[in-house]
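As structure tokens, the structure follows; a few thoughts come after it.
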Protein chains: 2
Amino acid sequence: MPDITLLIVDDHPVVRDGLRGMFSAAGGFEVLGEAADGRQAVALAEELRPDVVLMDLRMPGGDGVEAITEISRRGLPCRVLVLTTYDTDTDTIPAIEAGATGYLLKDAPRDDLFDAVRAAAQGRSVLSPAIASRLVSRVREPRSGNLSTRELEVLRLVARGTGNREIARELFISEATVKTHLTHIYAKLDVSDRAAAVATAYDRHLLP
Amino acid sequence: MPDITLLIVDDHPVVRDGLRGMFSAAGGFEVLGEAADGRQAVALAEELRPDVVLMDLRMPGGDGVEAITEISRRGLPCRVLVLTTYDTDTDTIPAIEAGATGYLLKDAPRDDLFDAVRAAAQGRSVLSPAIASRLVSRVREPRSGNLSTRELEVLRLVARGTGNREIARELFISEATVKTHLTHIYAKLDVSDRAAAVATAYDRHLLP
DNA sequence: CCTGCCATCGGCCGATCGGTTGATGGGGGG
DNA sequence: CCCCCCATCAACCGATCGGCCGATGGCAGG
């Protein structure tokens, strides 16, 4: 069986070194290259054609999720294994929706990492336990925290102290509509005023 | 000049490997050990007596800031160089107050890291530019985010959607007083309503 | 001693918010 | 085809909020 070829994508040189060292020492893997942001990642994935891309999500200059989307869109024959720091990221689910094959945390033991890469190379999904349970809760309770696009726009303005009238002006809708959206937001977040809605939104990572 | 001895503290094996590899390859450094959380860090710092401790802040089981505090309290002869992922951490300032000699981000270039460790070993401070500017703004504007205890209590209840009347009841004060506190909160946070106050409080990490 | 900050309280008023009910139209899924 | 969700709008009303005036007492620092 030939070596599994890898592309490492992370904005931290330290992490790239660590990964490269681990996979070089392990045997059975070959690191083809490294990228420090999403744009480089897409370009190198296209050029080097690795079996697996190890991808961090939070990076300056080219978001990880966008990179995954782009790799999927171009039909590149590589699997993307997301390797991130926190399991509280807002974009765990978006990353998987965008086409990531697996998702695990950087504090995973070495052997788990190797296993995950081998699994990803074969197209099998490996998810860290925390992510897995999040996924199931997501399908079990789809309306939790599920605000519509418009409702999120309203909420963002509310969080900046904007009054209903001005929200209406900014979004080119009537004040009545703003109030309707707000009522829906309160119902979905299970709160009864704007302040609590903002707090809950932060808790659920619906706001930056 | 003898090698600078190091203790690496990070909960991620990947990062520990990366750092160990970098410093071993660079020459002039010797990695004495690794710790995965704050408690181990303190114990190993006492046992191994490294010149410099490379310390991550966010770790499960033993906070980084606590570890720094403990190392300072015990008068251990090592310098602590904080090496963290984001410059938006709440505890950048606490870490420095706790006794960290330097503070830089993991995405710093290798040579900056080496320079920082050499500087730390001599007791000189190296701060990443973002942190440095934060420090100066901290001393220039000390009343920003400086809510009184009572005001914080009020704000916490506001964030849970509590109305003024009920806040009054919960805190055993009159509604008028609640409104006074709120007016002061608005002034201090530079906002004009409770929703924006909650949002700003989250931004500045005044609320969990 | 005076100044500043914190915490407490009262009253007044206009503006705003939140709740409700009801209606329209478009789009996607069964 | 029907139903549900989204997005839009209207009118009404009571409750609440925020702004502004004022006041008192305590406590720390210069």
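Each chain gets a letter, A, B and so on, in the order the sequences are listed, and its residues count up from 1.
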Show me, pair by pair, the donor-acceptor contacts under 3.5 angstrom made by side chains of residues 153-171 of chain B, not counting sequence neighbours?
from, atom 1, to, atom 2, distance (Å)
B:Glu153, OE1, B:Arg150, NH1, 2.8
B:Thr162, OG1, B:Leu157, O, 2.8
B:Asn164, OD1, B:Arg194, NH2, 2.2

So, does A:His184 get its side chain near the phosphate of D:dC6, meaning an N or O under 4.0 Å from OP1 or OP2?
no

Of the non-hydrogen atoms in [X] and [Y], which two are nearest, and what is the gap between them?
{"X": "A:Ile185", "Y": "A:Ala197", "answer": "CG2-CB, 4.3 Å"}
{"X": "B:Asp193", "Y": "B:Ala196", "answer": "OD1-N, 2.9 Å"}
{"X": "B:Leu105", "Y": "B:Leu83", "answer": "O-CD1, 4.1 Å"}

For A:Asp56, the side chain to side chain contact (heavy atoms under 4.5 Å, CB included) test, sequence neighbours excluded, returns A:Asp10, A:Asp11, A:Met59, A:Thr84, A:Lys106

What string of B, S and - do you get for nucleotides 21-30 of chain D 5' to 3' if you count protein non-hydrogen atoms under 4.0 Å?
----------

Between protein and nucleotides 13-19 of chain D, map the contacts as a letter string: B base, S sugar-phosphate only, - none, heavy atoms under 4.0 Å, written 5' to 3'.
---SSBB

Could you list the residues that satisfy side-chain hydrogen bond (donor to acceptor under 3.5 Å, both in side chains) with [X], not counting sequence neighbours?
{"X": "A:Glu46", "result": "A:Arg74"}
{"X": "A:Gln40", "result": "none"}
{"X": "A:Thr180", "result": "none"}
{"X": "B:Asp115", "result": "B:Arg118"}

Salt bridge (charged side-chain N to carboxylate O under 4.0 Å, His left out) evaluation trace for B:Arg39 with B:Glu70
CA-CA 9 Å; B:Arg39 273 183 291 275; B:Glu70 187 60 19; over 6 Å; no

Could you work out how much the helix from C:dC1-D:dG30 to C:dG30-D:dC1 bends, comparing the axis of its first five pairs with that of its last five, to 10°?
50°

For [X] and [N], give me the distance from atom [atom1] to atom [atom2], rounded to whole Å.
{"X": "B:Ile185", "N": "C:dA7", "atom1": "CD1", "atom2": "C1'", "answer": "13 Å"}
{"X": "B:Glu151", "N": "C:dC5", "atom1": "CD", "atom2": "P", "answer": "12 Å"}
{"X": "A:Arg150", "N": "D:dC9", "atom1": "CZ", "atom2": "C1'", "answer": "13 Å"}

Approximate separation, where rounding is to 0.5 Å, of B:Glu175 CD and B:Leu182 CG
10.5 Å

Rounding to 0.5 Å, atoms CG (B:Leu32) and SG (B:Cys78) come to a distance of 10.5 Å

Which residues, if any, of residues 167-174 of chain B bring a heavy atom under 4.0 Å of DNA chain C?
B:Ile173, B:Ser174

Report the residues that fulfil ring-ring contact (aromatic ring centres under 6.0 Å, His included) with A:Phe114, sequence neighbours left out, ordered by chain and then residue number.
A:Phe23, A:Phe29

Which is it for A:Ile8 and A:Arg20 under the side-chain contact (heavy atoms from CB on, under 4.5 Å) test, yes or no, and what are the steps along the way?
CA-CA 8 Å; A:Ile8 294 170; A:Arg20 181 184 277 271; 4.1 Å; yes

Tabulated below should be each protein N or O lying under 3.5 Å from an N or O of nucleotides 25-30 of chain C; please produce it.
none

If you only use heavy atoms from C-beta on, which nucleotide in C:dC6, D:dA7, D:dC9 is closest to the side chain of B:Lys188?
C:dC6

Is there a donor-acceptor pair closer than 3.5 Å between any side-chain N or O of A:Thr177 and the backbone N or O of A:Ile173?
no

